[in-house]
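Inspection log for the structure reproduced underneath, given as structure tokens.
Proteins come first, then strands; the chains are lettered A, B, ... in the order of their sequence lines, and each starts at number 1.
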There are 2 protein chains.
Amino acid sequence: TDVFFAINCFMFQPTRFGITILKNSPFRHFLVKTAFVCSKQCFSMAATIPDVNSVVSVLDKLQLTHETIKHEATPTCEKHEQVLGHLGVILCKNLFFKHKKKKDKWLIVLKPERQLDPKSIGAFLGVGGGSLRFVGEADMLSLLGVKQGAVSPLGVMNDKDHAVTVVLDKALIDSGKRLGIHPLSCEATTLLSSDTLLKFLHHFGYEPRIIDFDSEPVRKESAKPKQKSQKSQKSQKSQNAKGSKNSAVDSKTLTAKMEVDFPRWYSEVVTKGELIEYYDISGCYILRPDSYFIWEQIQDFFNADLKRKGIRNAYFPMFVSEKALQAEADHVEGFSPEVAWVTHAGKTKLNVPIAIRPTSETIIYPAYAKWIKSHRDLPLRLNQWSNIVRWEFKNPTPFIRTREFLWQEGHSAFATKAEADVEVLEILDLYARVYEELLAVPVIKGRKTDNEKFPGGDYTTTIETFISHTGRSIQAATSHGLGQNFGKIFKIEFLDQHKTKRIPFQNSWGLTTRTIGVMIMQHGDNKGLVIPPRVAATQIVIIPIISKFSSEERQKFDSMTNDLYVSLKNIDLRVHLDDRDLYKPGYKFYHWELRGIPLRIEFGPKDMNSKQCVLVRRDNGDHETCSLDTVADRVPKLLEIIQNDMYQKAKETLLSKQRKIFTWEEFMGALDDRCFVLAPHCDDSKCEKSIKEKTRGSNEDEESAPAESHDAAGDEIIQKLTGSAKSLCIPFNQPDLPEGTQCVGCSEPAKKWILFGRSY
Amino acid sequence: TDVFFAINCFMFQPTRFGITILKNSPFRHFLVKTAFVCSKQCFSMAATIPDVNSVVSVLDKLQLTHETIKHEATPTCEKHEQVLGHLGVILCKNLFFKHKKKKDKWLIVLKPERQLDPKSIGAFLGVGGGSLRFVGEADMLSLLGVKQGAVSPLGVMNDKDHAVTVVLDKALIDSGKRLGIHPLSCEATTLLSSDTLLKFLHHFGYEPRIIDFDSEPVRKESAKPKQKSQKSQKSQKSQNAKGSKNSAVDSKTLTAKMEVDFPRWYSEVVTKGELIEYYDISGCYILRPDSYFIWEQIQDFFNADLKRKGIRNAYFPMFVSEKALQAEADHVEGFSPEVAWVTHAGKTKLNVPIAIRPTSETIIYPAYAKWIKSHRDLPLRLNQWSNIVRWEFKNPTPFIRTREFLWQEGHSAFATKAEADVEVLEILDLYARVYEELLAVPVIKGRKTDNEKFPGGDYTTTIETFISHTGRSIQAATSHGLGQNFGKIFKIEFLDQHKTKRIPFQNSWGLTTRTIGVMIMQHGDNKGLVIPPRVAATQIVIIPIISKFSSEERQKFDSMTNDLYVSLKNIDLRVHLDDRDLYKPGYKFYHWELRGIPLRIEFGPKDMNSKQCVLVRRDNGDHETCSLDTVADRVPKLLEIIQNDMYQKAKETLLSKQRKIFTWEEFMGALDDRCFVLAPHCDDSKCEKSIKEKTRGSNEDEESAPAESHDAAGDEIIQKLTGSAKSLCIPFNQPDLPEGTQCVGCSEPAKKWILFGRSY
Ligand SMILES: [Zn+2]
Ligand SMILES: [Zn+2]
């Protein structure tokens, strides 16, 4: 910071090529690595400012894409907007607070239009409203190396003691736009994606708290319950003035349309549809009963098949020692960045940190080495249902990408490669059946390229599917042939019939709660969830339509309604009778449509007289009347029809989105049309990687961005797909490959049809 | 250490009262806190040596029971044995190693007779055999503040950088005897229990590695697979000379008798019975298929009942923020010493450490605060099946006390206390049914005293049972009435019918994999496990007894055997046909008895002719012949008879071990007879605590020691029960309490019959 006060005396001269040569400056020898051409020509290269240069150096060293520009001093948000507003980036607002009594300090990075008083911020942070104080300039300098007006999250590079907690406005991350942040000087601005900012912070060992300052639920869970409850009480009162029923509806209404803002739609259907509750630790979610029920259905289906196959369930510890975890080099490299480490128990520091399983090969195979001695101990086939932790730093999404998730993992060992190979495919079939038969989600089977296979394994088979609304493919489940790699490392050996020592062939295979997210994305619509009947906790909801009945009529009506309910309950259907007097039928229709209940039965005064009811399908809205005499016969059949129709519809969509192409132009055109691509390929790893490179957007440094870009207000949406396309699989079902077909990537002779797409 | 070299010039004078007055010494003003009277009169008080005094001060400050004595220099084990051998304590052997290339240092504390070369030790530690070097005296001084001959785990108090890993010989802990260790000087010895040593180490932030240098399994899992495998190969070869069948039997034979060495018996039946595999992280165990199957049976039984009750399953995150975890003061105090903390993800340090759930009240109730708004949202009753981590420092025992375990936890909220109270007992009934109907384990229902209730709750109901072989009672499951305590803290509020804001009444209740351990201890015998038919993964094993058949006879025999198998399989019995040619029937009998299979069916040449088979019960050894025509009818009935008989037998044992007493003499007499005690009590907390104090053995500072004391060799066993007796519950079933009955503890008027006992 010692040179900080001198920078005003330098003069800068912009050039038309985005490269600035500094006049009259001792720093003119600095090379410009990244630059920015502005029509206003008001910017200069900023790396000539020493502090700024230190930021630029770090970003360059980390190979993070950014542009850092010099401009007149903009110590306030207003000034910043005035000077750089035309760039269309988000010029972040930075607030730097300390606790009035404790050592806690928060650097809060907000979208500029966000207006929050310290009290509200305190509520979000979980500290008393009156406890926050602004940090003075002396502390700014000593902690972040910045003066007033230049506070910025990039300053953490000077915070050696990690004294500051960085808090990011979730809206910044969701926006998909580039951010503008001062690089330790208010006379410069670094433009970077939120993802790049996160990488910068992670590099210095910071994990920012990401707070959704927009959302009511997050606001509620962010601690300081006393204050919160007074608040919500107030807002409740003011809403009650408008009528309590409406307010209840409002807070539970979908506000996003899936074709306009898919991520918000998804977030709303999972929360308002009561599958998920958000939690105060990022990337962790509560699986509410309706979603856990789906998981239990998958478990039952799966366990029944495992029993037939002779595969048994067991349970292995969740903790793994560093040594075991790191035994297999490729495996370590694949998982170690995401491993959560336990270092303390109570106040006692553990001698050796202990990892939480990111997968259990290294936990299970030392035991296999003990249990497998003879060919008579083979095959050994075990499965476990457990929780898994992978501390990903990408934007988390309920079910799809979470830091803790539930899964099953199977681990088996066979005497011969042939047996092992058979199992890999048997299990892949079972996974496909879970998706297609239970979740009504069509999948494509194939093998991963070597670039994309399981770390440490020989080969990976996969089922892939496609979310047409986002144009992204998604890996649904994988079954791996591990070969003898882990066996060699963990010394798993058996004596065969001829007393020869041999290493068994192993497989592992896993299916996670991601299944549920894929199902939601496949079938949902703008009314909310659509749950396939086989996994719906409630398959049928009966909604009595009450009229102005005489008490005698009402009694008869209630009795008939109840008979209807009991007749379905008795044949083991999962039926719910919504007999709440408080709500009108229209409200109830909406309520249950949002939750995706497959079939609604309406029963009203006319139906009473004609002894019938009306069956309304959630998947396509079709109505049919049904005699009460035959309803117990018709409903189970109709549920099966719904299940099959949902699958057929999803299958048609999938096929319509898979485009078989021959040229690079067709390839890019298909991606732009939100399709996935079956392309002829040379099967060369480098060529495959180059396709990933070539499809990466110019402003993107993120391989598979998790969400569409959209602005915070949600009215003007830029539907541009971000992220690169990668190979999804080499489909088992290979079309003819005519002689002389060229690889789409390098024009060498094609050897395979490979499926490519932007993916989750 | 600067005064260390001066101590030889002091003179000590022992006294008859175990208190030493130091002559000619500047330290004569030191007060003696703990002393030791020895018939040899060769010891002096040692705290007068400055280094020794620093150890004594710490032990006293921590209120740890110890005796520290002064004696002539004993720098070698031989000398130590010669001088202090008559005390009957274990004079530990201390080895101090460093890695020849790395910074790792190990202080290894062994029983004195243990002979291990560095190579073997390396194998146990998981480092190359040739990599260990002895630490020189300079390093001893700088690291532990000790000279050669005084190396001791107590030296960790000087190891500010935690450079040293302490390794304890498991035999030391299992011995139950006091240990003798140099307190930084070889001219003194501190006598303390292994538990006290662990507490001392924990105080300084050390978690020692506890290694079972005796046991083959532990030896195998302790890394360095290459060396290990060569080793086991060798031993296999030498055993093969004696005949491979015998060697297989040997390694799978029970070597301990339950009445002689219960802990070793238990450890052997769970491992050799293939329920458990030990794991390389202390306190974590692998649940093998046969034990996980029992857990699945419990889950199915439990889930079916929850469904009837309208309680739904969900899943909440395993991670909890420090803030939420610590919201309830009593709750924090109860759990925080055992909480495992995640501090890093990959190489990134988390801003805030995150805890792994030790129970989920503080995870679940913030969500309840969101979901509960109106009386119509009540009751809210959820259950989850999950893993739990409590990093206990007590000696772990498979199923019974483990650092990770599986459980279900139910959490409910009701509008009224009356409803909540009803549920508490409903669930306790369900728990009792799990034990009595599935596991054939009788239980006693009651309420915990306030001293023993769940931290943060209003009251705790419990089911307790008793392990007659060890004379210890064990808490089987608990169901808690939480009142409004958590509701107040997490602001759970609802509007009742009159729009009045109220706080719901909550319960929580849990049942763990401890169930399986209790079942094993209840029913096992010296042949191994005895599994109740309802939870046995294999209920019946068919053992064909092959004779010298003609090939035609053999074909008929095999066909009839198979028919028998199929006839039982077809009625959904879990039957296994052991048709291995390699083993003789006797070996198979032994094999399946060890695994506790409830029913054995023998089928031999005579049976073939008379179309019958022999049914042999595992629980009591009874044989009966059964016609093949009726076997499918008889076997299911017999399994039910076995189930009931096992329960009845256990119930009789329980009743015979419960002793109703009136006086303190009877109380202590009953404990000495390995009974548990129903005693009249004043219901005063202080009086209850004083009973705990009074029953604590004089050499014990451990409240509920996990195991019998026994020596390492296992031939001369001291069957003295350790640990204090505490109140188990106030049984719901209260006998008459005659007017004027006095409290067994304080002679005040008794108010209740309370159950006391030494417990797990
Ligand atoms: Zn190519
Ligand atoms: Zn008393």
Chain B contact via A:Asn383 - which portion, at a heavy-atom distance below 4.5 Å: neither
B:Asp280 CG to A:Lys323 NZ distance, which is reported to the nearest 0.5 Å: 9.5 Å
Residue pair B:Phe316, A:Arg288: steps toward the side-chain contact (heavy atoms from CB on, under 4.5 Å) verdict: CA-CA 8 Å; B:Phe316 291 81; A:Arg288 302 187 66 175; over 6 Å; no
Selection from A:Asn387, A:Asn303, A:Val166, A:Asp290 maximising heavy-atom pairs under 4.5 Å formed with chain B: A:Asn387
Engaged part of A:Arg312 at the chain B interface, taking heavy atoms whose separation is under 4.5 Å: side chain
Under 4.5 Å from any heavy atom of chain B - which part of A:Pro337: backbone
Backbone of B:Ala367 reached by a side-chain donor or acceptor of A:Glu277 within 3.5 Å: no
Student check: side-chain heavy atoms of A:Tyr315 and B:Leu406 closer than 4.5 Å: yes
Which atoms of A:Ile363 approach chain B - backbone, side chain, both or neither, heavy atom under 4.5 Å: both
Interface moiety of B:Thr343 toward chain A, non-hydrogen atoms closer than 4.5 Å: both
Per-residue contact mode, B:Ile356 against chain A (heavy atom under 4.5 angstrom): side chain
Under 4.5 Å from any heavy atom of chain A - which part of B:Pro358: neither
Part of A:Glu296 lying under 4.5 Å from any heavy atom of chain B: side chain
Any B:Leu382 side-chain heavy atom under 4.5 Å of A:Pro289 side chain: yes
Residue part contacting chain B, namely of A:Val352, when any heavy atom lies under 4.5 Å: neither
Engaged part of A:Arg376 at the chain B interface, taking heavy atoms whose separation is under 4.5 Å: side chain
Proximal component of A:Tyr285, with respect to chain B [non-hydrogen, under 4.5 Å]: backbone
Parallel, tilted or perpendicular, as decided by the 30° and 60° cut-offs, for the rings of B:Phe319 and A:Trp391: perpendicular
Contacting region of A:Ser321 [heavy-atom separation from chain B under 4.5 Å]: both
Region of A:Trp371 that comes under 4.5 Å of a non-hydrogen atom in chain B: side chain
Within-4.5 Å side-chain heavy-atom neighbours: B:Phe204 and A:Thr348: no
